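Written out below as structure tokens is the structure these notes cover.
Hydrogens, waters and symmetry mates play no part in the numbers below; they use all other heavy atoms, side chains included. Values in this document were obtained by computation on a predicted structure and should not be read as measured data.
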Amino acid sequence: MKKKKINLRDIKPNSEKEHSNDDGHDHEHGDGSAFKTYIPAIISFVMLIVGIAVDYFDAILQFQGWVRVAWYTIAYIPVGFPVIKEGWKNLVRGDVFTEFFLMSIATIGAFIIGEYPEGVAVMLFYAVGELFQNAAVNRAKSNIKALLDVRPNEALVYRNNDYISVNPETVEIGERVQVRVGEKVPLDGILLSEKGSFNTAALTGESKPDTIAKTEKVFAGSINLDGVIEIKTTKEFKDSSIARILDMVQNATARKSKTELFIRQFARIYTPIVVFLAIGVTFLPYFFVDDYVFRDWLYRALIFLVISCPCALVISIPLGYFGGLGAASKNGILFKGASFLDAMTKINTLVMDKTGTVTKGVFKIKEVKAIGWEETEFMKYLMAMEEQSTHPIAKAILEYKADGADFDATEVKEIAGKGLKGIVNGKNVLVGNKALMTANNIEVANETNSIVESIVLVAIDEKFAGYVVIADELKEDAKETITALHKVGIKNIMMLSGDKDSITQKVASELNIEKAKGGLLPEDKLNEVELLKQNPENKIAFIGDGINDAPVLAASDVGIAMGGLGSDVAIETADVIIQTDQPSKVVRAIKIGRSTRKIVWQNIGLAFGVKVIVLILGAGGLATMWEAVFADVGVALLAILNAIRLQKMKWD
């Protein structure tokens with residue numbers, strides 16, 4: 001059933017309202033205040049209460065005949081006219097079985113048989129229900145948008161020897177931008193200042209300030225916490241990570257879950273069936289009942305029509321997914337659509353990359369072993385040589401802190417595939433791998449043969465002087481992530497890495513991952529996932545860094561990108577983006593998906609259960625319009641309250 005929302009204050013005959021929401025609902029209240037939005041319902045409510053009171057107490061003798069009809073008609077118009085108008089519009093377009101048409105026929109029918117208070121009450125409660133639904137959906141949408149809509153509306157750009165305030169959309173790549181304390185970074189860039197401290201909570205869901213060093217990336221939407229800083233822009237405003245993520249989240253609801261799609265298709269069949277049953281309830285008893293009274297059976301049919309509106313289903317289900325998407329965003333997890341919230345609940349096989357996923361992807365010194373030398377002096381010889389190299393391992397070694405004056409290296413030569421050769425303090429120094437040592441007849445300690453991590457060997461004056469072990473560090477929550485995955489039922493976990501197989505196996509062993517393969521190219525990882533997919537029972541999620549894992553992210557049932565905030569490829573390819581570098585967020589994503597699905601199905605069961613009961617009671621003449629109102633609007637409100645719970649839940 002196609003369902004459109006209307007504004008109850010839109011009662012002018014020439015007023016038109018566009019409905020652009022992907023689900024066919026419009027939940028906006030325009031620029032007017034909330035109070036103005038409720039004025040029509042308040043007027044109808046006051047007039048209804050007064051009318052019922054006069055009816056009950058016979059307070060005004062003249063309140064009968066055309067006076068009574070006029071009073072209830074006036075009470076009906078503020079809430080009834082917008083609905084009748086929309087029902088007529090849809091009818092002209094050929095869309096008959098909308099809730100507007102059903103509510104119009106049911107309430108007008110109530111007036112025809114003289115049930116004026118009930119006719120007004122049904123439309124009033126329906127209108128109030130719509131207003132509450134609008135408010136709930138608006139709240140869910142605004143929660144999602146508020147989490148990410150942190151784009152600043154100005155940028156201080158250095159032009160013509162001065163900083164001027166301009167619209168961020170006019171800033172070009174490579175320009176220098178100043179950001180003051182408490183201001184938002186307007187565009188993605190690199191830090192020109194020595195260091196900066198930023199609040200990235202709106203981007204990553206983490207409240208802990210992030211300290212950035214010179215030349216490191218700074219993302220639009222971060223809040224500068226400490227001192228005036230300068231950045232050099234690397235992207236245009238429209239291409240900034242936050243702008244693209246915001247666009248992705250706002251459009252996430254366009255990808256409907258199978259549950260939503262099923263309910264919509266079901267409503268198109270369900271509603272007309274109930275309408276024809278209502279017609280049958282009205283006329284068929286004439287042939288089977290001796291004391292047939294048209295008015296009584298018409299009243300039962302009108303109850304049928306009120307109950308038949310699948311309002312609770314059509315609104316509470318997408319609202320449940322809105323809540324799930326908002327809760328995930330608040331936790332630094334971006335789902336590209338409601339369909340992936342569902343998909344996460346079905347995952348039973350998890351394949352993960354190593355570097356950048358469970359490890360930090362940064363080389364660090366793990367062990368220093370000096371043989372015949374004091375460690376600090378040994379490291380000074382090594383660091384003097386590595387200052388001449390641009391290799392990532394050299395960067396890790398240079399982070400070593402050694403007291404005293406640094407040594408200088410001269411006549412440094414790079415030996416391809418082996419290492420460096422040079423002179424430090426008048427001594428010949430060799431720095432590199434075992435092949436370099438062998439080529440220069442240097443006997444290396446046997447203990448180095450059992451080391452699987454990257455190792456830098458050092459010889460000073462033709463004698464082996466020691467070695468340094470360089471390794472990638474595990475992320476702080478890597479171990480607990482694997483344990484938590486087992487607890488939530490993900491038993492089949494596999495690690496695939498481009499790193500050496502020996503290193504991959506060691507990391508897998510530390511994390512208690514039974515299956516692991518190293519030395520793989522991106523296409524090799526893809527082949528491994530394709531093999532797993534040959535078993536139809538496997539529902540596979542792949543977690544990668546979103547850069548060289550794009551093919552596997554796309555091929556998996558759910559592609560999850562780690563630390564995707566700075567990766568264009570991650571945003572484009574992955575289905576779920578973890579905005580921090582925490583693998584434990586994957587477990588939280590699974591829990592949020594399961595909670596969302598549970599609430600959605602609770603709402604479906606509630607709506608169907610109550611409607612079936614009241615439909616049966618209505619057909620048997622045991623239910624009045626008041627029960628029908630509860631079955632429609634009341635259940636919808638209960639479902640909304642249930643869905644809103646998602647925004648308050650905690651997943652630890």
Side-chain angles (χ1 to χ4, degrees), residues 145-251 329 332 334 356 361-362 390 392 395 545-548 550 561-574 577-581:
K145 189 174 180 180
L147 290 168
L148 291 170
D149 197 8
V150 292
R151 297 172 296 183
N153 52 21
E154 67 173 355
L156 288 175
V157 186
Y158 189 74
R159 294 176 182 171
N160 300 322
N161 298 320
D162 194 14
Y163 284 100
I164 59 172
S165 178
V166 301
N167 189 312
E169 294 182 8
T170 66
V171 179
E172 298 180 357
I173 295 174
E175 291 200 87
R176 202 163 80 197
V177 175
Q178 185 184 83
V179 185
R180 297 165 182 165
V181 177
E183 292 181 350
K184 299 169 186 173
V185 177
L187 299 99
D188 289 359
I190 58 172
L191 187 64
L192 296 178
S193 305
E194 287 302 316
K195 67 175 182 177
S197 181
F198 300 91
N199 180 347
T200 60
L203 311 181
T204 63
E206 295 298 313
S207 58
K208 182 181 178 181
D210 190 12
T211 301
I212 304 294
K214 187 175 182 178
T215 73
E216 290 186 338
K217 292 180 180 180
V218 182
F219 297 109
S222 304
I223 300 174
N224 182 23
L225 299 177
D226 185 20
V228 178
I229 56 108
E230 290 184 351
I231 66 168
K232 180 180 179 182
T233 59
T234 56
K235 290 182 181 179
E236 293 181 1
F237 182 77
K238 63 182 176 64
D239 295 325
S240 65
S241 298
I242 188 61
R244 298 176 66 190
I245 291 172
L246 175 60
D247 180 68
M248 182 190 71
V249 173
Q250 287 180 308
N251 293 310
S329 296
L334 299 181
V362 179
T390 58
K395 184 179 179 181
D545 59 16
I547 299 172
N548 59 358
M562 293 296 302
L565 182 61
S567 171
D568 292 341
V569 179
I571 295 173
E572 294 294 336
T573 310
I577 298 172
I578 307 298
Q579 293 176 262
T580 65
D581 280 333

Least distance between heavy atoms, [X] atom then [Y] atom:
X      : Y      : result
Val228 : Val181 : N-CG2, 4.2 Å
Ala155 : Val171 : CB-CG2, 4.0 Å
Asp239 : Lys235 : O-CD, 3.4 Å
Glu230 : Ser193 : N-OG, 2.9 Å
Leu334 : Ser329 : CD2-OG, 3.7 Å

Atom pair [atom1]/[atom2] of [X] and [Y] - distance to nearest 0.5 Å:
X      : Y      : atom1 : atom2 : answer
Phe198 : Leu225 : CZ    : CG    : 8.0 Å
Leu191 : Thr211 : CG    : OG1   : 11.0 Å
Ile223 : Glu183 : CD1   : CD    : 11.0 Å
Lys214 : Ile190 : NZ    : CD1   : 9.5 Å

* Asked: Tell me, which pairs form a ring-ring contact (aromatic ring centres under 6.0 Å, His included) where one or both residues lie in residues 158-186, sequence neighbours left out?
  ->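 The answer is Tyr158-Tyr163.
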With a 4.5 Å heavy-atom cut-off, do [X] and [Y] have their side chains touching?
X      : Y      : answer
Asn199 : Ser222 : no
Pro186 : Val177 : yes
Lys232 : Leu192 : yes
Arg176 : Gln178 : no

* Asn224/Arg180 under side chain to side chain contact (heavy atoms under 4.5 Å, CB included): CA gap, chis, key distance, verdict -> CA-CA 7 Å; Asn224 182 23; Arg180 297 165 182 165; 5.6 Å; no
* Check for a donor-acceptor pair, side chain of Thr233 on one end and backbone N or O of Gly189 on the other, with a separation under 3.5 Å. =>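 It does not hold such a pair.
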* Does any N or O in the side chain of Asp226 come within less than 3.5 Å of the main-chain N or O of Gly196, such that one atom is a donor and the other an acceptor? ->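 Pair absent, no side-chain N/O of Asp226 close to backbone of Gly196.
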* **Of all pairs that satisfy salt bridge (Lys or Arg N to Asp or Glu O under 4.0 Å), the ones with a partner from residues 154-172, not counting sequence neighbours** =>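 Listed once each, the pairs are Arg159-Glu175.
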